[in-house]
*Asks:* 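Questions regarding the structure given below will be posed in turn.
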Amino acid sequence: MKKIGLIGAGFMGTAATRAIRATRPNIDIGLAETDPSRRLAALEEFSASDFSGNPQDMPSWADVVILAVKPKELPGLATAIREKDPEAFNKTFIVSLLAGTTVATLHRTLGSERVIRMMPNLAAQISQSVTGVAFSEALPEESRQEILQLFSGLGPLLSLEEEQIHAITALSGSGIAFALEFIQALTLGGVKEGLPYGQALEAACGVVRSAANLVAHTGQHPQEIVSQVCSPGGTTIEGVHTLAENRFQAAVMEAVTRTARRSRELGKATEEPGK
Ligand SMILES: NC(=O)C1=CN([C@@H]2O[C@H](COP(=O)(O)OP(=O)(O)OC[C@H]3O[C@@H](n4cnc5c(N)ncnc54)[C@H](OP(=O)(O)O)[C@@H]3O)[C@@H](O)[C@H]2O)C=CC1
Ligand SMILES: O=C(O)[C@@H]1CCC=N1
């Protein structure tokens with residue numbers, strides 16, 4: 001695969017394209033973007049070909065087209081392209097990053113079965129996204145492997161049943177924001193206790209990074225490590241008690257559940273545009 005097309009050079013499309021370019025420096029990139037300043041920035045960053053005025057020509061040019069517009073933009077975009085070339089989307093593989101939008105909706109809206117759903121997060125741009133992948137059943141194994149290889153620069157790719165994409169959206173696509181909220185809260189706590197903001201932020205980032213690394217390197221259950229930190233009658237148990245009193249785990253679990261629910265709602269809305 002030598003050419004990729006990007007429709008929607010916003011936060012996520014750009015992050016994914018950066019990751020692919022990092023592993024394949026010689027790949028050709030084409031893009032279509034309606035926002036003029038984003039278009040210029042992305043054309044420059046990727047030395048890309050501009051398909052913004054003729055997006056219907058992108059699918060026959062690119063080996064893979066990455067769809068990275070907001071879910072509500074999909075019907076208008078697909079109609080505009082298919083009015084000019086009804087077979088456009090059959091000429092390439094389509095990787096959709098759209099939250100909620102199902103493979104079945106993509107089939108129907110694009111008129112092609114050569115579709116793949118991916119749910120990355122913004123850490124793709126540093127090759128550290130945990131990305132859920134669900135393939136159209138019509139896609140042969142060889143094509144699946146080629147796609148996984150092409151997108152390997154985003155970070156770990158998890159092949160999932162399509163229904164599980166809602167969960168990975170909540171945990172990873174959106175979940176990175178929850179982790180960042182925690183980092184910010186930890187930082188502000190440090191500031192309240194007298195640390196300068198910069199040092200508190202550095203400490204908070206370091207602690208969260210090291211906690212994740214400890215779980216990965218030791219293979220221990222997080223709760224086991226927590227119990228090693230909590231000296232009887234010591235400092236940590238005070239903080240752990242405070243988190244429990246404030247229903248910290250329940251709040252995070254509820255955030256994941258409601259986010260997954262919203263992903264399902266977006267899926268329904270793109271199934272039945274206008275609702
Ligand atoms: N942000 C994230 O962390 C993640 C996002 N996603 C998914 O990625 C998709 C993009 O999200 P995100 O990057 O945040 O959104 P952005 O709004 O940052 O980017 C989308 C871009 O697409 C442009 N656009 C809209 N319509 C068209 C069109 N017809 N042709 C070309 N360009 C168009 C928009 O321009 P304009 O502003 O002019 O409309 C905008 O610049 C969404 O579907 C989202 O669900 C998935 C995982 C994580
Ligand atoms: O908030 C959103 O809808 C998108 C999808 C996952 C992350 N951002």
*Asks:* If you take all heavy atoms of N121 and M12, which pair is closest and at what distance?
*Replies:* O-CE, 3.3 Å
*Asks:* For the residue pair T187 and I183, what are the closest heavy atoms and their distance?
*Replies:* OG1-O, 2.7 Å
*Asks:* Should L97 and F51 be counted in the same cluster of Ile, Leu, Val, Met, Phe, Trp and Tyr side chains packed under 4.5 Å apart?
*Replies:* no
*Asks:* CD1/I168 to CZ/R117 distance, rounded to the nearest 0.5 angstrom?
*Replies:* 12.0 Å
*Asks:* Are F135 and I20 joined in one hydrophobic group, where the rule is that I, L, V, M, F, W and Y side chains link up if heavy atoms are under 4.5 Å apart?
*Replies:* yes
*Asks:* If we only count heavy atoms from C-beta on, is the E238 to T235 side-chain gap below 4.5 Å?
*Replies:* no
*Asks:* Mind checking the CG-OG spacing from L154 to S129? Nearest 0.5 Å is all I need.
*Replies:* 5.5 Å
*Asks:* Only pairs under 3.5 Å count here: list side-chain donor-acceptor contacts from residues 52-69, not counting sequence neighbours, and write none if there are none.
*Replies:*
residue : atom : partner : partner atom : Å
S52     : OG   : E33     : N            : 3.2
S52     : OG   : E33     : O            : 3.4
S52     : OG   : D50     : OD1          : 2.5
N54     : ND2  : D57     : OD2          : 3.0
S60     : OG   : D57     : O            : 3.3
D63     : OD2  : K2      : N            : 2.6
D63     : OD2  : K3      : N            : 2.9

*Asks:* So do the side chains of I27 and R21 get within less than 4.5 Å of each other, counting heavy atoms only?
*Replies:* yes
*Asks:* Walk me through it: do I81 and L77 pass the test side-chain contact (heavy atoms from CB on, under 4.5 Å)?
*Replies:* CA-CA 6 Å; I81 291 181; L77 165 76; 4.0 Å; yes
*Asks:* State whether a side-chain donor-acceptor pair under 3.5 Å links Q145 with Q149.
*Replies:* no
*Asks:* Look up atom CG in L243 and atom CD in Q249, then write down how far apart they are to the nearest 0.5 Å.
*Replies:* 9.0 Å
*Asks:* What distance separates T270 OG1 from R108 CZ, expressed to the nearest 0.5 Å?
*Replies:* 8.5 Å
*Asks:* Can a salt bridge be assigned to the pair K268 and E265 using a cut-off of 4.0 Å between side-chain N and carboxylate O?
*Replies:* no
*Asks:* Tell me, yes or no, whether the heavy-atom count around M1 atom CE, taken from other residues, nucleotides or ligands under 6.0 Å, exceeds 12.
*Replies:* yes
*Asks:* How far does CD of E83 sit from OG1 of T79, to the nearest 0.5 angstrom?
*Replies:* 6.5 Å
*Asks:* Which heavy atom in P71 sits nearest to a heavy atom in L98, and how many Å separate them?
*Replies:* CA-CD2, 3.8 Å
*Asks:* Do L195 and V191 touch side chain to side chain, with heavy atoms closer than 4.5 Å?
*Replies:* no
*Asks:* Under the 6.0 Å and 45° cation-pi test, does R144 pair with F93?
*Replies:* no
*Asks:* Using the salt bridge (charged side-chain N to carboxylate O under 4.0 Å, His left out) rule, take E87 and K91 through it: C-alpha gap first, then chi angles, then the decisive distance, then the call.
*Replies:* CA-CA 7 Å; E87 286 305 310; K91 297 175 179 170; over 6 Å; no
*Asks:* Do other residues, nucleotides or ligands put more than 12 heavy atoms under 6.0 Å from F11 CZ?
*Replies:* no
*Asks:* Indicate whether the side chain of H107 and that of S112 have a donor and an acceptor atom separated by less than 3.5 Å.
*Replies:* no
*Asks:* Which heavy atom in T169 sits nearest to a heavy atom in S263, and how many Å separate them?
*Replies:* OG1-OG, 4.1 Å
*Asks:* Hey, is R38 close enough to E45 for a salt bridge, meaning N to O under 4.0 Å?
*Replies:* no
*Asks:* M118 and I165: same hydrophobic cluster, using ILVMFWY side-chain contacts below 4.5 Å?
*Replies:* no
*Asks:* Indicate, with yes or no, if I126 and L201 share a hydrophobic cluster defined by side-chain heavy-atom contacts under 4.5 Å among Ile, Leu, Val, Met, Phe, Trp and Tyr.
*Replies:* no
*Asks:* Quick one: pull up CD1 in I147 and CG in L139 and give me the separation to the nearest 0.5 Å.
*Replies:* 7.0 Å
*Asks:* Please evaluate residues V133 and L160 with respect to the criterion side-chain contact (heavy atoms from CB on, under 4.5 Å), reporting the C-alpha separation (whole Å), side-chain torsions for both, the decisive distance (0.1 Å), and the verdict.
*Replies:* CA-CA 6 Å; V133 185; L160 299 174; over 6 Å; no
*Asks:* A side-chain contact here means heavy atoms from C-beta on lying under 4.5 Å apart; do L31 and T17 qualify?
*Replies:* no
*Asks:* Among the clusters formed by ILVMFWY side chains lying less than 4.5 Å apart, do V95 and L106 turn up in the same one?
*Replies:* no
*Asks:* Can you name the closest pair of heavy atoms from S231 and I237 and give their distance?
*Replies:* O-CG2, 4.3 Å
*Asks:* For the CD atom on Q184, are there more than 12 heavy atoms of other groups (residues, nucleotides or ligands in this structure) within a distance under 6.0 Å?
*Replies:* yes
*Asks:* Excluding sequence neighbours, so at least two apart, what forms side chain to side chain donor-acceptor pair (under 3.5 Å) with T14?
*Replies:* none
*Asks:* Please determine if R247 and E254 form a salt bridge, counting it only when a charged side-chain N lies under 4.0 Å from a carboxylate O.
*Replies:* no
*Asks:* Nearest heavy-atom pair of G153 and S127: which atoms, and what distance?
*Replies:* O-OG, 2.7 Å
*Asks:* Less than 4.5 Å apart, side chain to side chain, heavy atoms only: is that true for V229 and V240?
*Replies:* no
